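Have a look at the structure below before the remarks.
Computed from heavy atoms alone, side chains included, the values below leave out hydrogens, waters and symmetry copies. This is a predicted model, so every value here is computed, not measured. Counting begins at 1 with the first residue of the sequence.
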Amino acid sequence: MISKEDFTKLHLEISPYIHRTPVLTSDLLNKLAETEIFFKCENFQKMGAFKMRGATAAILALSERERAKGVVTHSSGNFAQAVSLSAKNSGIPAYIVMPSSAPQVKKDAVKTYGGQITECEPNIKARKTAAEKIQKETGATFLHPSNDLNVIYGQGTAAKELLEDFPDLDIIITSVGGGGLIAGTALAVDFYAEKCKTIGAEPFEVDDAYRSLKSGKIETNSSTNTIADGLKTQLGDKNFPIIQKFVSEIIRVEEDDIITAMKLIWERMKIVVEPSSAVAFAAILREKEKFKNQKVGIIISGGNVDLSSLPF
């Protein structure tokens, strides 16, 4: 496990390559939620999501020999873009496996950032097979979107910045997909806050993290029927132990809760957030008593929205 000193050092190392994103508030949303909320806006991060932090941390951790051969990942969206841009910044090749069903806008973004796309069938087995083939052919280092320790540490720097700006937060809440963001956030809270706790939020439709905390082992989902497309992945063996140790609880929300929360943020804060980002705010609205009269930080994970399929 990383030390606080090394976590601080990592943040300094990635800082030239990322934005220190703003923290926004809304009096109207505070009144509606009956609490005080601080939105850490990673939708304003480079490439539009927090994943730029983890991808940068992982690439900077590579040896010179590893850098020369580049990196490979499989992703349908945000991590594909983050790895492509981070690799471009470091002058190394990036091989990106994307499912054929990935939105064209995301494929175009990866190409713009210099990523070399290999398309595959839209399932996990096909993704892994294609990535392994590229690894063998090129010697590239595989970067997992959420189950890589350097990626996890990088993601946690968003919470570190939030706590530097607002050190008296009672809670930081994030959405939960593959587990990288919440694991990194929980570590940052443990390092840099005295009385703050970390809470997760996820849809009922993909509540594997909620069930994993209950059972003590990594659970899977039988369906992925949620508007929060970024949360369809499951926890991994590197982030799950961190989540078990440092995350207080995970709150589940309905699809209608997510849509309502997303619409409120768009309308009242005038910012673009993707459905997965709205899940944390939806959890606060759903369980107001738990958060009432507290200072709550939310990591707005991203703003890469397919504008042709908005839910409102």
Side-chain angles (χ1 to χ4, degrees), residues 1-3 7 50-51 54 57-58 73-79 97 99 122-129 131-132 142-156 158-159 171-191 196-255 257-258 275-277 279-280 282-283 286-287 290 299 301:
M1 189 74 72
I2 196 171
S3 67
F7 197 103
F50 73 94
K51 295 198 172 185
T73 193
H74 53 73
S75 166
S76 60
N78 286 343
F79 197 68
V97 176
N123 61 69
I124 292 294
K125 184 180 179 182
R127 287 188 188 194
K128 288 181 177 178
T129 300
E132 286 169 1
F142 178 71
L143 300 182
H144 193 282
S146 56
N147 198 43
D148 176 295
L149 287 175
N150 288 307
V151 170
I152 291 166
Y153 302 150
Q155 316 303 31
I171 297 166
I172 294 182
I173 182 167
T174 82
S175 54
V176 186
L181 177 60
I182 193 166
T185 297
L187 280 175
V189 168
D190 183 61
F191 286 147
C196 186
K197 61 183 179 181
T198 305
I199 291 178
E202 68 180 346
F204 274 96
E205 293 289 341
V206 284
D207 67 347
D208 56 297
Y210 172 87
R211 288 182 285 110
S212 297
L213 273 189
K214 295 288 185 186
S215 70
K217 61 187 179 71
I218 297 172
E219 303 286 351
T220 59
N221 295 305
S222 56
S223 70
T224 55
N225 186 29
T226 178
I227 189 176
D229 59 296
L231 307 185
K232 293 180 180 181
T233 49
Q234 69 181 55
L235 305 181
D237 61 350
K238 292 181 174 63
N239 58 49
F240 184 47
I242 299 170
I243 293 166
Q244 281 183 300
K245 185 173 182 179
F246 296 113
V247 174
S248 299
E249 64 177 303
I250 295 174
I251 297 168
R252 296 175 293 175
V253 298
E254 301 284 2
E255 295 300 295
D257 297 333
I258 301 169
S276 301
S277 291
V279 171
R286 185 179 177 91
E287 299 205 13
K290 191 183 297 289
I299 309 291
S301 54

What pairs with Ala57 under side chain to side chain contact (heavy atoms under 4.5 Å, CB included), at least two apart in sequence or on another chain? Leu10, Ile14
Passes side chain to side chain contact (heavy atoms under 4.5 Å, CB included), Asn150 versus Leu143? Steps please. CA-CA 9 Å; Asn150 288 307; Leu143 300 182; over 6 Å; no
In short, salt bridge (Lys or Arg N to Asp or Glu O under 4.0 Å) pairs touching residues 232-241 with sequence neighbours left out are none
Please confirm whether the backbone N or O of Tyr210 pairs with a side-chain atom of Glu202, one donor and one acceptor, at under 3.5 Å? yes
Nearest 0.5 Å, what's the OG1-CD distance between Thr224 and Gln234? 11.5 Å
Kindly give the heavy-atom pair with the smallest separation between Cys196 and Val189, and that separation in Å. O-CG1, 3.4 Å
Residues two or more places apart in sequence or in another chain: which of them pass side-chain hydrogen bond (donor to acceptor under 3.5 Å, both in side chains) with Thr220? none
Only counting residues at least two apart or in another chain, list the ones meeting side chain to side chain contact (heavy atoms under 4.5 Å, CB included) with Asn123. Glu121, Lys125, Ala126
For Phe7, ring pair (Phe, Tyr, Trp, His ring centres under 6.0 Å) partners two or more places apart: Phe191, Tyr192
Applying side chain to side chain contact (heavy atoms under 4.5 Å, CB included), name anything that partners Ser146, two or more places apart in sequence or on another chain. His144, Asn239
At what distance, to the nearest 0.5 angstrom, does OG of Ser175 lie from CD1 of Ile250? 11.0 Å
Set of side chain to side chain contact (heavy atoms under 4.5 Å, CB included) partners for Ala280, sequence neighbours left out: Ile173, Ile298
Those residues that, when tested against Phe142, pass ring pair (Phe, Tyr, Trp, His ring centres under 6.0 Å) (two or more places apart): His74
Give a yes or no answer on whether the side chain of Ser248 reaches the backbone of Ile199 with a donor-acceptor pair at less than 3.5 Å. no
Shortest non-hydrogen pair, Phe240 vs Ser212, comes out as CZ-O, 3.5 Å
Nearest 0.5 Å, what's the OG1-CG distance between Thr233 and Asn221? 9.0 Å
Any residue meeting salt bridge (charged side-chain N to carboxylate O under 4.0 Å, His left out) with Asp190, in chain and number order, not counting sequence neighbours: none
Reported CD1-to-CD1 distance for the pair Ile243 and Ile152, which is rounded to 0.5 angstrom: 7.5 Å
Nearest heavy-atom pair of Leu235 and Ile218: which atoms, and what distance? O-CG2, 3.6 Å
For the CD atom of Gln155 and the CD1 atom of Ile182, what is their distance to the nearest 0.5 Å? 13.0 Å
Grab the two heavy atoms, one from Ala201 and one from Ala283, that are nearest each other, plus how far apart they are. CB-CB, 3.7 Å
Of all residues at least two apart in sequence or in a different chain, which pass the side-chain hydrogen bond (donor to acceptor under 3.5 Å, both in side chains) check with Glu255? Thr226
Just verifying a value: how many Å separate Glu219 CD and Asp208 CG, rounded to the nearest 0.5 Å? 8.5 Å
Ala58 and Val151: which non-hydrogen atoms are nearest, and at how many Å? CB-CG2, 3.8 Å
Could I get the full list of side-chain hydrogen bond (donor to acceptor under 3.5 Å, both in side chains) partners for Ser277, not counting sequence neighbours? Ser301
Going through the distances and angles, do Leu231 and Glu205 end up as a side chain to side chain contact (heavy atoms under 4.5 Å, CB included)? CA-CA 10 Å; Leu231 307 185; Glu205 293 289 341; over 6 Å; no
Compare every heavy atom of Asp257 with every heavy atom of Ala282, then report the nearest pair and how far apart it is. CB-O, 3.6 Å
According to side-chain hydrogen bond (donor to acceptor under 3.5 Å, both in side chains), who are the partners of Lys245, at least two apart in sequence or on a separate chain? none
